Number of protein chains: 2
Amino acid sequence: MSRSSVTKRPTIVDVAAHAGVSTAAASKVLRGAYGVSPEMKAKVQASMKALGYRPLASARGMRGRTYTVAVVVADLHNEFSSLLVEGIRRECERQKYRLLVAPAGSGKDAQDRMVEDLIDRAMDGIVLISPLGTDAELEELAKKIPVVVLGRHGASPEFDSVAADDFAGANLVVDHLVSLGHRQITYVNHTTTGTNDARLPEEVRVRGYVDAMIRHGLGDAIDIIQSQWSQEGGEESGRLILSRKERPTAVFAGCDVAAFGVLTALWNAGIRVPDEISVAGFDNIFTTSLAPISMTTVDQSGLNMGSTAGRLLLERVGGRAEAVNSSVLPVLVPRGTSAAPLLEVGKG
Amino acid sequence: MSRSSVTKRPTIVDVAAHAGVSTAAASKVLRGAYGVSPEMKAKVQASMKALGYRPLASARGMRGRTYTVAVVVADLHNEFSSLLVEGIRRECERQKYRLLVAPAGSGKDAQDRMVEDLIDRAMDGIVLISPLGTDAELEELAKKIPVVVLGRHGASPEFDSVAADDFAGANLVVDHLVSLGHRQITYVNHTTTGTNDARLPEEVRVRGYVDAMIRHGLGDAIDIIQSQWSQEGGEESGRLILSRKERPTAVFAGCDVAAFGVLTALWNAGIRVPDEISVAGFDNIFTTSLAPISMTTVDQSGLNMGSTAGRLLLERVGGRAEAVNSSVLPVLVPRGTSAAPLLEVGKG
DNA sequence: TAAAAAGTGTATAACGTACTACACGGATTC
DNA sequence: GAATCCGTGTAGTACGTTATACACTTTTTA
């Protein structure tokens with residue numbers, strides 16, 4: 001039994017004994033709580049260091065905080081999500097919290113299950129990226145645990161939210177294409193089965209497209225393809241466009257990944273971009289900037305949105321009660337896939 | 001005080017009371033432990049359902065398992081990591097475990113800190129993706145918690161590992177380029193500062209390149225650029241190559257992202273690929289398959305590697321003691337960025 | 001100078017679950 | 001017919017930490 005120092009992890013009781021104080025005192029020092037003298041603090045911290053003490057989050061979680069927050073994400077493959085996550089992570093790191101990423105998979109059920117599991121695992125708070133479900137459901141959730149909703153529109157007095165102004169972003173793209181001379185602009189939309197939540201980014205973006213078209217007097221040219229925001233969805237949309245007699249001069253996909261799919265379909269068919277058809281996306285994921293792609297898109301600064309979300313969440317964890325709803329203004333990133341159309345296909 | 005049912009989450013004590021049995025019995029049912037009759041099992045499970053009981057992982061973690069494992073990843077932006085993670089996730093889901101992704105940031109310190117934090121958070125096991133550090137360190141870690149090392153070479157009797165045969169993969173690329181007629185093949189290497197671990201993928205790949213060149217009698221043409229496997233590192237390497245008097249006819253970057261950087265530099269300089277210079281990467285990340293890029297690379301089936309790692313980890317958690325070291329054979333994915341060189345720059 | 005307040009430390013009861021020991025009845029073994 | 005074993009259930013403690021309640025000093029206030 002002489003291997004006690006090797007075999008067991010030191011606890012706060014060990015620390016207190018080593019420092020010659022009560023465990024309550026040691027706990028206070030650990031938490032930075034009120035009621036410790038500078039000498040006590042120094043003494044206990046020295047003992048913690050000497051023993052290599054590390055608090056056990058499971059045990060802390062039963063009475064207080066775990067100093068752990070999570071971000072629920074449907075899919076890690078989405079580069080934009082990665083940016084958001086990185087933003088949250090940096091803010092958490094700054095405040096000595098740990099961020100864990102929870103890949104839920106797609107669908108509302110999967111997301112809900114993950115959220116429950118995270119509550120079971122005593123997270124101090126959670127960030128939800130473009131969650132499905134109603135405001136009421138999210139508000140119910142917010143009663144149980146601090147919540148920040150990222151990338152979903154609509155303010156709530158019950159939980160914090162951070163979203164880009166997708167309406168303005170879609171406007172930027174249409175304005176850009178119209179200013180280049182385009183009039184036939186097709187939009188590739190994302191349709192979620194079942195849910196039809198006006199607060200999801202996809203719904204706001206398509207409204208932004210419609211609004212801008214009407215504003216430019218192009219209401220008759222409005223053309224929306226109902227698809228999925230994935231590589232495959234984009235390719236199908238591209239093929240659909242090519243199968244038509246009258247092709248648009250520009251395609252605006254509401255998401256970069258879908259725009260890649262459109263590009264792929266066009267390239268495969270030998271259509272030159274932007275000479276024959278211009279293409280624009282949304283999100284400014286990293287790949288859009290690669291030289292051979294160089295795609296026109298909209299940047300919503302995922303890094304900033306993420307760190308804002310992180311800050312809001314930790315404020316909530318710290319006790320703030322009033323909701324904060326933050327909005328970020330996106331900017332257009334014009335690149336090589338958009339240019340003036342070769343021949344005007346105007347009407348009238 | 002009439003809101004007791006609303007205000008508090010049910011515990012296993014509540015379940016036991018509701019079912020009219022002891023908490024020990026309820027716990028047995030929950031864990032599926034030995035010593036419960038079918039009637040008891042049914043009764044307790046009915047009570048759990050009726051109360052909406054959910055076990056608290058923090059509390060479980062203090063005595064037994066949390067049914068949670070984590071994968072430590074330096075950077076979520078790496079598409080290949082995402083593939084690995086997805087593979088692990090699927091296997092965990094199959095076995096009713098939860099996978100959380102721990103973004104550590106780059107560098108050994110950051111990684112080590114994250115691992116400690118995960119142990120503090122009572123993970124049942126962890127997967128490390130291409131970890132830095134020595135075998136001894138990893139073995140020390142494996143004594144504390146079940147560990148599977150992913151994407152790092154070298155078998156150990158102390159922990160499980162899953163790796164692609166990077167040596168063979170690099171051979172495939174060189175063989176391919178040589179068979180097309182290339183003789184001047186430059187390799188873009190990744191040099192980690194400080195560490196020089198022969199078991200890291202980058203070290204094995206560069207050895208594979210050197211070996212294949214010698215095997216083809218091209219020992220004198222060996223040309224290695226010390227760089228970083230990032231977009232920037234690739235671009236710098238590309239510019240370096242262009243600044244030379246004698247340019248290679250092919251560039252092999254040990255990582256797709258770096259290969260993108262090389263492509264970017266070449267495109268910016270107006271060099272036609274593959275007409276003037278062929279380019280090949282490694283990993284077969286999704287973007288390589290996009291039509292305008294269509295890059296030759298090597299696929300190591302991240303999904304399979306991930307699910308294998310997940311399976312091994314959960315076996316370890318379940319009690320297996322002997323180490324399992326698994327290796328995956330990669331395959332060449334020839335695409336549009338590699339072709340026969342226009343003019344032979346042979347020697348002698 | 002007495003009373004109140006502020007500062008500093010301690011004892012100890014939770015928190016929710018797991019699991020070792022053990023008790024009890026019935027079936028099996030010798 | 002006693003001894004053993006097996007199946008099933010329970011009591012109660014341990015896990016590591018937090019936080020409430022309180023005791024004792026010292027400082028401030030009236």
Side-chain angles (χ1 to χ4, degrees), chain A residues 4 7-45 47-48 51-68 116-117 119-124 317 319, chain B residues 4 7-45 47-48 51-68 116-117 119-124 317 319:
Chain A
S4 62
T7 208
K8 246 193 46 164
R9 174 183 176 116
T11 74
I12 202 165
V13 176
D14 300 326
V15 170
H18 185 271
V21 300
S22 70
T23 58
S27 176
K28 278 190 191 175
V29 171
L30 179 61
R31 287 147 35 212
Y34 174 84
V36 286
S37 63
E39 304 84 54
M40 162 77 75
K41 185 177 174 184
K43 196 166 53 174
V44 170
Q45 285 181 334
S47 292
M48 293 206 263
L51 297 179
Y53 168 74
R54 299 182 59 88
L56 197 68
S58 304
R60 307 184 86 171
M62 294 193 60
R63 307 269 320 156
R65 301 186 190 170
T66 57
Y67 300 92
T68 314
E116 288 302 317
D117 279 5
I119 293 175
D120 297 344
R121 281 159 180 79
M123 297 292 141
D124 289 343
V317 172
Chain B
S4 63
T7 207
K8 247 194 48 166
R9 175 184 175 116
T11 73
I12 202 164
V13 176
D14 300 325
V15 169
H18 184 271
V21 301
S22 68
T23 58
S27 175
K28 277 189 192 175
V29 172
L30 178 62
R31 286 146 37 213
Y34 175 83
V36 286
S37 62
E39 303 85 54
M40 163 77 75
K41 186 175 173 184
K43 196 165 53 174
V44 171
Q45 285 181 333
S47 293
M48 292 204 221
L51 297 180
Y53 169 73
R54 299 182 58 89
L56 197 69
S58 306
R60 305 186 88 170
M62 294 193 60
R63 307 273 315 158
R65 301 184 190 172
T66 57
Y67 300 92
T68 314
E116 288 302 317
D117 279 6
I119 293 175
D120 298 344
R121 281 157 181 80
M123 297 292 142
D124 289 343
V317 171

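By convention in this document, chain letters (A, B, ...) are assigned in the order of the sequence lines, proteins followed by strands, and residues within each chain are numbered from 1. When reading the values below, keep in mind they use all heavy atoms of this one structure, side chains included, and skip hydrogens, waters and symmetry mates. All values reported here derive from a predicted model rather than from experimental measurement.
Looking at residues two or more places apart in sequence or on another chain, you find a salt bridge (Lys or Arg N to Asp or Glu O under 4.0 Å) between B:D120 and A:R9, A:R54. Qualifying side-chain contact (heavy atoms from CB on, under 4.5 Å) partners for A:M62, counting only residues two or more places apart in sequence or in other chains: B:S58, B:A59, B:M62. Among residues two or more places apart in sequence or in another chain, the side-chain hydrogen bond (donor to acceptor under 3.5 Å, both in side chains) test is passed with A:R60 by none. Evaluation of the side-chain contact (heavy atoms from CB on, under 4.5 Å) rule for B:A16 yields B:V21, B:T23, B:A26 as partners, not counting sequence neighbours. Partners of A:A33 according to the side-chain contact (heavy atoms from CB on, under 4.5 Å) rule, which considers only residues two or more places apart in sequence or in another chain, are A:K28, A:R31. Legend: residues meeting ring-ring contact (aromatic ring centres under 6.0 Å, His included) with B:Y53, ordered by chain and number and at least two apart, are absent.
Residue contacts shown for B:S27 include a base, since a base heavy atom lies under 4.0 Å away.
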Using atom types as modelled, flag every donor-acceptor pair under 3.5 Å from a side chain in residues 37-45 of chain B to any protein atom, sequence neighbours excluded.
residue, atom, partner, partner atom, Å
B:S37, OG, B:M40, N, 3.3

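If you take CZ of A:R31 and P of D:dG16, they are 18 Å apart, rounded to a whole angstrom.
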Reading nucleotides 8-13 of chain D 5' to 3', which nucleotides get B (base under 4.0 Å from a protein heavy atom), which S (sugar-phosphate only), which -? BBBB--

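Running 5' to 3' along DNA chain C, contacts with non-hydrogen atoms of chain B at under 4.0 Å begin and end at C:dG16 to C:dC19.
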Intermediate values then yes/no, side chain to side chain donor-acceptor pair (under 3.5 Å), B:T68 and A:R121: CA-CA 9 Å; B:T68 314; A:R121 281 159 180 79; 2.6 Å; yes

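Note on the helix from C:dT1-D:dA30 to C:dC30-D:dG1: angle between the axes of the first and last five pairs equals 30°, rounded to 10 degrees.
Of all heavy-atom pairs spanning A:V15 and A:S47, the tightest one is O-CB, 3.9 Å.
You'll find the side chain of B:M48 reaches within 4.5 Å of the side chain of B:V29, heavy atoms only.
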